[in-house]
Structures are given as C-alpha cells and as structure tokens.
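A short write-up of the structure that comes next.
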Amino acid sequence: MATASPFRSALVTGASSGIGEAIAHQLGGSGVPTVLVARRTDRLEALAARYDGFEVLTADLNDADDLAAVVARVQSTADPVDLLVNNAGFGTSGSFADLDPDRLHDEIGLNVQALTRLSHAALATMVPRGRGYLLNVSSMAGFQPAPKLAVYAATKAYVTNLTESLHEEARGTGVHVTALCPGLTKTEFQSVSNSGSYATKYPPFAWLPVEAVASAGLADVARGRALSVPGVIYKGMAVATDVMPRRLVRRLSALVQRGSD
Ligand SMILES: NC(=O)c1ccc[n+]([C@@H]2O[C@H](COP(=O)([O-])OP(=O)(O)OC[C@H]3O[C@@H](n4cnc5c(N)ncnc54)[C@H](OP(=O)(O)O)[C@@H]3O)[C@@H](O)[C@H]2O)c1
C-alpha cells in the first residue's frame with residue numbers, strides 16, 4: 001500500500017539507473033506521479049510501466065533543445081512539478097592533463113549548467129506558487145578537493161554551494177531546497193566514471209545502500225534541511241572536513257585517491 005508522501009508530483013533526472021532510479025521507485029511506492037528523465041528511453045519506459053501516473057521524458061541534458069523541453073515541463077502550470085530532483089551527473093577519474101577535455105566540458109555541462117538551469121526553472125515556478133521542493137544531488141566529493149577526480153569534485157562543490165545559497169534565498173517562501181551529498185554508493189557511476197577499482201579498494205562499510213541514499217534525500221528535503229549526508233561515517237567526515245586545516249584535508253584527499261590508482 002502507498003505510504004503518505006508530502007510530494008504531490010515529481011520530476012527526477014537521471015532516473016534510468018542508480019540513485020535516481022531508487023528515488024523514482026520510492027516516489028512510485030508512495031503514489032507520487034513522477035516524470036522520468038534520462039537518455040535511455042527503454043529503461044525509463046520499463047520503470048514507468050510499474051507505477052500509476054509515471055511519465056517518460058527522454059532527454060540528453062547536454063542538448064539545448066532537450067534541456068529546454070525539460071525546463072518547460074518543470075514550469076508547467078497545467079501539470080505542476082512539486083518536487084524536482086536534479087540527480088543526473090557523472091564523473092571522470094584520472095590525472096587532469098590526461099583526460100579528454102570534451103568529456104570534461106560535458107561533465108560541467110551536465111553537473112553544473114543543466115542543474116543550474118533546472119534549479120532556476122524550479123524556483124521561478126515554485127516560489128510564486130508558495131510551495132515546492134528542490135533536491136540537488138551533490139556528493140561528499142564536494143566538501144574537499146579531490147586530486148584525480150578534480151573536475152567532478154569542483155562541480156559538486158559548486159552544486160553544494162549553489163544549493164545552500166538557494167536554501168537561504170527560499171527561506172520563508174514555502175519552498176524547500178536541499179543538497180544530497182552521498183558517499184560511495186554502488187551504481188553505474190563507477191563504470192561511467194572509470195572508478196571501478198573503488199569496489200575493491202574501499203571496504204564494504206564505506207559503501208552506502210542506494211535505497212538508503214534515496215530515502216535520506218527524500219526525507220531531508222521534506223524536512224527542509226539544507227544538507228543531506230546519508231550514513232554516520234559520512235556525517236562524521238563532513239564535520240571533520242569543516243574543522244580540519246584545509247592543507248591537511250587536501251593532502252589526505254590526495255593520499256586516499258593515490259590508494260585508488
Ligand atoms: N554513486 C556514487 O558513489 C555517488 C556518490 C556521490 C554522488 N553521486 C551522484 O549521484 C548522481 C547519480 O549518480 P549514480 O551514482 O546514480 O550514477 P549512474 O547510475 O551512472 O546514474 C546516472 C544517471 O544520469 C543519467 N545521465 C547521464 N548523463 C546524462 C545526460 N547527458 N542527460 C540526461 N541524463 C543523463 C543516466 O542516464 P542515461 O545514461 O540513460 O542518460 C543515469 O540515469 C550523480 O549526480 C552523481 O554524481 C554518486
């Protein structure tokens with residue numbers, strides 16, 4: 001039976017796998033009509049077939065026309081989106097100078113530009129409406145520099161920073177804005193970002209269940225938290241990076257990444 005949800009409707013980007021797919025399942029299980037966005041239509045259609053009121057919107061968020069279609073859907077007044085989950089994102093592991101600059105351009109395009117455009121569409125629609133929810137999926141990687149994952153960490157630092165600012169701007173408007181900052185979570189991210197070696201390099205306790213990440217994000221945006229950090233270990237790490245000297249954080253981060261070569 002569907003459990004009560006604070007969300008009247010939702011749109012989830014990157015709903016074809018991993019964290020976005022898990023969020024979509026939880027929304028579907030709670031009876032929330034949800035628009036599924038990603039490039040792989042077949043995956044989205046299979047997911048949509050499982051729940052009432054699900055809609056498929058195939059889009060490459062690095063394509064201007066596709067992004068405009070998603071913006072229009074977020075801004076619909078006829079069929080409003082109550083919760084926007086900006087989840088689509090990817091990373092690129094390796095030494096910065098060795099990486100393909102076109103891929104890094106696309107990474108910034110998706111993680112930063114598309115997310116910013118969609119966040120703007122959401123708040124421009126939700127604030128006048130006096131209600132709504134924006135959940136931006138960032139990362140623990142955004143709390144410190146990450147040598148060998150440098151552009152990814154920089155994009156996620158942007159996402160966390162932007163989202164915290166928007167959280168304060170939206171205070172008192174009835175709109176909740178939250179940055180979800182997961183640690184290691186087994187999804188397609190590891191193969192897409194060329195960080196498959198993490199699976200054996202990091203101990204089992206370091207990995208978060210994808211369902212727990214999804215439920216933490218949904219619960220924290222419902223509660224109106226600025227930051228959502230799933231898991232006690234990662235909550236502790238987030239506090240530690242806040243209080244440790246920056247040069248120490250940077251060196252530790254480099255050592256951790258060296259261990260994942
Ligand atoms: N897994 C982790 O350890 C981890 C940790 C912290 C944060 N995160 C963040 O969590 C979010 C979800 O990642 P995940 O771990 O679930 O990875 P994933 O399984 O690779 O999922 C990424 C999703 O993004 C979609 N996507 C990629 N490029 C796209 C594009 N150009 N346009 C539209 N959709 C696109 C993919 O769908 P299509 O390929 O079908 O388009 C897929 O649904 C990302 O923002 C990631 O940075 C992940």
Side-chain angles (χ1 to χ4, degrees), residues 11-25 35-48 56-71 73 85-93 102-103 105-119 135-144 146 149 151-160 162-163 179-199 201-202 206-214 216-217 227-231 233-234 237-238 260:
L11 184 149
V12 181
T13 71
S16 62
S17 77
I19 295 168
E21 184 182 3
I23 287 174
H25 275 301
V35 185
L36 307 172
V37 176
R39 295 166 300 181
R40 287 172 290 179
T41 311
D42 54 338
R43 296 265 197 119
L44 300 182
E45 283 177 347
L47 179 52
V56 169
L57 179 48
T58 303
D60 177 347
L61 295 173
N62 268 326
D63 177 277
D65 292 339
D66 285 6
L67 178 60
V70 182
V71 165
R73 185 63 191 82
V85 183
N86 271 320
N87 163 77
F90 73 92
T92 313
S93 182
D102 291 335
R103 182 182 160 104
H105 180 267
D106 286 350
E107 187 174 326
I108 296 166
L110 181 63
N111 298 6
V112 172
Q113 315 241 67
L115 176 139
T116 304
R117 186 71 189 83
L118 290 171
S119 296
L135 180 62
N136 284 340
V137 181
S138 187
S139 171
M140 284 298 295
F143 288 127
Q144 68 281 304
L149 205 57
V151 170
Y152 178 72
T155 67
K156 294 303 185 178
Y158 173 94
V159 173
T160 302
L162 173 79
T163 308
L180 171 59
C181 305
L184 293 167
T185 312
K186 276 189 188 135
T187 64
E188 292 179 11
F189 181 87
Q190 286 75 38
S191 58
V192 172
S193 67
N194 191 30
S195 56
S197 64
Y198 288 13
K201 294 281 170 48
Y202 293 105
W207 293 87
L208 296 163
V210 69
E211 296 79 13
V213 171
L227 289 177
S228 175
V229 179
I233 294 173
Y234 289 108
M237 279 172 65
S260 64

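Atoms within each ligand, like the ligands themselves, are counted from 1 in listed order.
Only the backbone of S138 comes within 4.0 Å of ligand 1, counting heavy atoms alone; no side-chain atom from C-beta on gets that close. Of the heavy atoms in A114, none comes closer than 4.0 Å to ligand 1. The proximity of R43 to ligand 1, defined as any non-hydrogen pair under 4.0 Å, does not occur for either the backbone or the side chain. Counting heavy atoms closer than 4.0 Å to ligand 1, residue L184 contributes backbone atoms (N, CA, C, O) but none from C-beta onward. Neither the backbone nor the side chain of E21 has any atom closer than 4.0 Å to an atom of ligand 1 (non-hydrogen atoms only).
The aromatic rings of W207 and Y202 lie perpendicular to each other, with more than 60° between the two planes, well past the 30° mark.
Side chain of N136 to backbone of V159: no donor-acceptor contact under 3.5 angstrom is found. Judged purely by atom type and a 3.5 angstrom limit, Q190 uses its side chain to pair as donor or acceptor with the backbone of T185. Using modelled atom types, one side-chain atom of T155 and one backbone atom of Y152 make a donor-acceptor pair closer than 3.5 Å.
Residue-ligand proximity, S16 to ligand 1, at heavy-atom distances under 4.0 Å covers atoms 36 (C), 37 (O), 38 (P), 40 (O), 42 (C), 43 (O). Shown in contact with R40 at under 4.0 Å from a heavy atom are these atoms of ligand 1, numbered in order with element: 37 (O), 38 (P), 39 (O), 40 (O). Set against the non-hydrogen atoms of G18, the atoms of ligand 1 under 4.0 Å away are 16 (O), 19 (O). With ligand atoms numbered from 1 in the order given, ligand 1 contributes 30 (C), 31 (N), 32 (N) to contacts under 4.0 Å with heavy atoms of D60. Remark: ligand 1 atoms within the under-4.0 Å shell around heavy atoms of P182 are 5 (C), 6 (C), 7 (C). Near L61, the atoms of ligand 1 lying under 4.0 angstrom from a non-hydrogen atom of the residue are 30 (C), 31 (N), 32 (N), 33 (C). Interface of F189 with ligand 1, defined as ligand atoms under 4.0 Å from a residue heavy atom, comprises 1 (N), 15 (O), 17 (O), 18 (P), 19 (O), 20 (O), 47 (O).
For the ligand labelled ligand 1, residue N87 lies inside the 4.0 Å heavy-atom shell. No heavy atom of C181 sits closer than 4.0 Å to any atom of ligand 1. Residue M140 places every heavy atom at 4.0 Å or more from ligand 1. Residue contacts with ligand 1: Y152 is included, with a non-hydrogen atom under 4.0 Å away.
Nearest protein neighbour of atom 48 (C) of ligand 1, counting heavy atoms only, is I19 CD1, 3.8 Å. Protein heavy atom at the shortest distance from atom 15 (O) of ligand 1 is T187 OG1, 2.6 Å. Closest to atom 2 (C) of ligand 1 among all protein heavy atoms lies T185 O, 3.4 Å. G14 CA, 3.6 Å is the protein heavy atom nearest to atom 25 (C) of ligand 1. In terms of protein heavy atoms, atom 35 (C) of ligand 1 is closest to A88 CB, 3.9 Å.
Taking 4.5 Å as the limit, every side-chain heavy atom of L184 sits out of range of all side-chain heavy atoms of M140.
For F189 and Y198, the gap between ring centers reaches or exceeds 6.0 Å.
For the side-chain hydrogen bond (donor to acceptor under 3.5 Å, both in side chains) with Y158, the qualifying choice from T163, N111, T116 is T116, the only one to do so. Checked options S197, S193, S191; the residue passing with S195 is S193 (criterion: side-chain hydrogen bond (donor to acceptor under 3.5 Å, both in side chains)).
Compare S17, A15, A59 by their heavy atoms: the one nearest to atom 18 (P) of ligand 1 is in S17. Closest heavy-atom approach to atom 28 (N) of ligand 1 within the set Q190, K186, R39: this belongs to R39. For atom 22 (C) of ligand 1, the nearest non-hydrogen atom from the set G89, G109, G20 belongs to G89. When the heavy atoms of G183, G217, A141, S139 are ranked by distance to atom 4 (C) of ligand 1, first place goes to G183.
Of all non-hydrogen atoms in R43 and S16, the two that sit nearest each other are NH1-O, 2.9 Å.
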